[in-house]
Amino acid sequence: MTRALITGNQAAAWGARLARADYMPAFPITPQTEIIETLAGWIDSGEMDCRMVMMESEHSMITAAGAAAATGVRVFTATSSQGLMYAMEMIYGVPGMRAPFVLVNVSRGLQTPVTLEPDHTDVLAARDSGFLQIHCATCQEVLDQTLIAYRLAEHHRVRLPVIVNLDGFYLSFTREPVEIPDPAAVDRFLPGFDPETTRFRAGEPLSQGVVVLGSTPYSYFRYETHLAALQGLPAYAEIAADFAAQFGREYGALETYRSDDAEWVLFIMGSFATKAKDAVDRMREAGWKVGLVRPRLLRPFPDEPLRQVLAGKRGVAVVDQNLSMGKGGVLHSELASVLYGQLDAPPILASFIGGLGGRDIAPEEFYEMIQVLHRAAEEGKPPPPRLLFTGDELREVRKLQAIAHAERTEGLK
Amino acid sequence: MSEQTVTIYKRMKDLPSTRLLGAGTPMCAGCGGLQAVHEIYDILGEKTVFVNAAGCMTLLAVYPFTPFRGSWLYTSMASAPAGAQGVRDALDILLAKQRIKQEQDLDVVVLTGDGAAYGMGLSSTSSAIERGLDFIYVCYDNEGYGNTGQQTSAATPHGARTSTSTDARGFGGFKKDLFAIWAAHRPAYVATVIGSEPLDLARKIEKAKAMKGPRLIIALSPCPTGWDFDPMESAEIGHLAVKTGVWPLKEYENGQVTHTKVPSEWLPVEEYLKKQGRFAHLFKPQRNKALISEIQTRVDAYWAEVERA
Ligand SMILES: Cc1ncc(C[n+]2csc(CCOP(=O)(O)OP(=O)(O)O)c2C)c(N)n1
Ligand code: SF4
Ligand SMILES: [Mg+2]
């Protein structure tokens, strides 16, 4: 084991290297590119025995990844944002082949307007695809979860591809001290790839991705994939326990922070949770009973564990780094569907949209969220969803709105 | 020229008498594409994995049936060559790391229609060729988006009526020269074939099978449903496509294009056109002399250039 100061992207590359990925179809996009460049460097220097192929698009990249996994090698690939969207037909296409591999997504907002900065809109578009999703908060977690992701994807009862998500910039380009496990220890945790019966070989005819006629076989295959994704929960628990036993780092499906005796909870995914935990500490110092819950697994969604940790809380503030147009925050809806109708569910479930297009979330904003929960509980009225702006930002937005309005009405004359 | 000297396919009776591809597929009666696939499969054999793009042939493998004795992978309309890349690379890795034996290896064969080959999948094909991928690409060309009802594609010929080119002149554009586009990449091999010329087809597939690298085949595929003719005319229309010079049978190898079947005398193109409902507007209610002669002129010009070269 060595310790190094590396970026989230480099941590992802280390994960692929330690997993002994055989094959990497690739395509560049900011902020992911450093991952494939790091791996390319290791392949060129002979430090890694992997074949890399530069594809002409992410659509082709995911096709090649799925096809290679279905042939029986361990596959790694990575993308971000527009790349994930360009691949989307195959993101929904390959899970049904039940060929496991790992895709690292370095999340970044989507056009329009074009941005290089992070939010979760890209990765949430893959939510219903059949890929499982693991979301990371630190560089160490990126490396570790990449290893866990291979075990999860290849688990006999799962056999689905897995997305490991890290936030662009906040993790991709941030250096943190990371423990790089010994290859021999990783080999014990993650043995070589077993394609089971999903493989193309002469003398073993196999048809993959075929057409079905009628809704019954269609529903059968979709239902089987859903069941396999649900099997991801117990499988993940088993694998995370194994990981903790071998490497001493715990990765439950939920990260809970000072939430046991908390009355108010922040629910947040990804690297902003580290900022939110800091805010929790300060609120605790001020005597507020606040805690935090962070889902590491988005698919399968840990319904039951969430019900348990949130039972009896007075209010939950859901922080979404995404905006579903015409609806609101995706995580808020996800959590509402888990809690609604439960007798001891928190009565207040507030939605905050923050961190769009790289926007930071300040500690004061976390304090304000908890205040909003307080007031709502006192008034007995659920608060409306809020898009987070500071005073300055709001003035800027109002100014842009005013200019746009003036130009529109001028134009009519 | 190539070191290929003797073919085992000298006469019709040398062609394989077994039929490897199973019967009972949902293709239309008289499907020229299926005819070509039958003939090609008999020569390539069952140590193959067909990587397919969306089109009529996607319905060959309908759960839980397949007419193939070997394997099949459906990808998407645009990315069959990328699927072939993934399978080929994985097999090479498995061979190199000695996780499979040589006899477990497979030939990787892309199978798509013209819509995918000439259009949506052209980028992934171009890139697979440029990477030197060791694969065979079979495009069955029925000159339209057949599976969705024969809309105009980049392979639709000038003057043909399609479900999106319905006026008196038919399609106003011109068939894209995919052979030239593919050959410009300087792959190992490019050939045109047609199911109605099984000997020429067999020799070309035999040759392609023995080579390495990108090998690309375009099979003109008379399509009773999309071209509007009686299924029993399918082979005859195929013959006419060759005898009128509309579908030149040729191959590209080592920078050279060779025509493999040049009749001493050409039939007029209208012999080919008048058999097909998609060209009926050239003959009825009046004969559209200008358009027929325009098509003839283009075919003549092609062969005049071949002669000069
Ligand atoms: C991305 C995408 N767009 C559209 C379609 C609908 N579609 C299915 S088959 C087909 C036609 C394909 O044409 P071609 O490649 O010529 O094959 P053919 O149907 O003629 O056999 C189309 C447009 C699809 N399957 N995928
Ligand atoms: S529409 Fe044409 S190409 Fe498609 S199956 Fe029918 S005959 Fe064959
Ligand atoms: Mg077609």
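Computed from a predicted structure; not experimentally measured. Per chain, numbering begins at 1; letters A, B, ... match sequence-line order.
- Proximity of B:S76 to A:H59: side-chain heavy atoms (C-beta onward) are separated by under 4.5 Å at one or more points.
- Proximity to chain B (any heavy atom under 4.5 Å) is shown, for A:P25, by neither the backbone nor the side chain.
- With values rounded to the nearest 0.5 angstrom, A:Y23 atom OH is found 6.5 Å from B:I93 atom CD1.
- In terms of heavy-atom pairs under 4.5 Å with chain B, the best-connected choice from A:L213, A:V75, A:D49 is A:D49.
- When heavy atoms are compared at a cutoff of 4.5 Å, A:E89 approaches chain B solely by way of its side chain, counted from C-beta outward.
- Between chain A and the residues B:E130, B:R69, B:R99, the most heavy-atom pairs under 4.5 angstrom are made by B:R99.
- The two residues B:S71 and A:E204 have their closest heavy-atom pair at OG-O, 3.8 Å.
- Counting heavy-atom neighbours within 6.0 Å of A:R222 CZ, excluding the residue itself, gives a total of 12 or less.
- Between chain B and the options A:D22, A:V73, A:V212, heavy-atom pairs under 4.5 Å are most frequent for A:D22.
- Closest approach of A:M54 and B:R131 over heavy atoms only: O-NH1, 3.3 Å.
- A:M61 does not touch chain B: none of its heavy atoms, backbone or side chain, sits under 4.5 Å away.
- Shown here for B:S79 and A:T63, the closest heavy-atom pair between the two residues is OG-OG1, 2.8 Å.
- The minimum heavy-atom distance linking B:V87 with A:A67 is given by the pair CG2-CB, 3.9 Å.
- In this pair, B:Y63 and A:F221 present their aromatic rings perpendicular. The plane angle is above 60°, beyond the 30 to 60° band.
- No more than 12 heavy atoms of other residues, nucleotides or ligands shown are found within 6.0 angstrom of OH on A:Y86.
- With a 4.5 Å cut-off on non-hydrogen atoms, B:I100 touches chain A through its side chain but not through its backbone.
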Would B:V49 and A:Q208 count as a side chain to side chain contact (heavy atoms under 4.5 Å, CB included) here? Give the steps. CA-CA 10 Å; B:V49 48; A:Q208 271 281 23; over 6 Å; no
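- Taking B:D92, B:L73, B:T75 one by one and counting their heavy-atom pairs under 4.5 Å with chain A, the maximum is reached by B:L73.
- Considering only heavy atoms from C-beta on, B:L94 stays 4.5 Å or farther from A:R199 through its side chain.
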Taking distance alone, no hydrogens or angles, what donor-acceptor pairs closer than 3.5 Å link side-chain atoms of residues 101-109 of chain B to residues at least two apart or in another chain?
| residue | atom | partner | partner atom | Å |
| --- | --- | --- | --- | --- |
| B:Q104 | OE1 | B:K101 | N | 2.9 |
| B:D105 | OD1 | B:R88 | NH1 | 3.4 |
| B:D105 | OD1 | B:R88 | NH2 | 3.0 |

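- Heavy atoms of A:M90 lying under 4.5 Å from chain B belong exclusively to its side chain.
- At a heavy-atom separation below 4.5 angstrom, chain A is approached by B:K47 within residues 18-47 of chain B.
- Only the side chain of B:T66 comes within less than 4.5 Å of a heavy atom in chain A; its backbone stays farther off.
- In this structure, A:P205 and B:G70 approach most closely via the heavy-atom pair CB-O, 3.5 Å.
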Output, in order, the C-alpha distance, side-chain angles, deciding distance and verdict of side chain to side chain contact (heavy atoms under 4.5 Å, CB included) for A:E56 and B:S124. CA-CA 7 Å; A:E56 72 290 348; B:S124 66; 3.1 Å; yes
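- Closest non-hydrogen pair, A:F200 versus B:L91, comes out as O-CD2, 3.7 Å.
- In this structure, chain B has a heavy atom under 4.5 Å from the side chain of A:V53, while its backbone stays farther away.
- In this structure, the side chains of B:W72 and A:V210 come closer than 4.5 Å at one or more pairs of heavy atoms.
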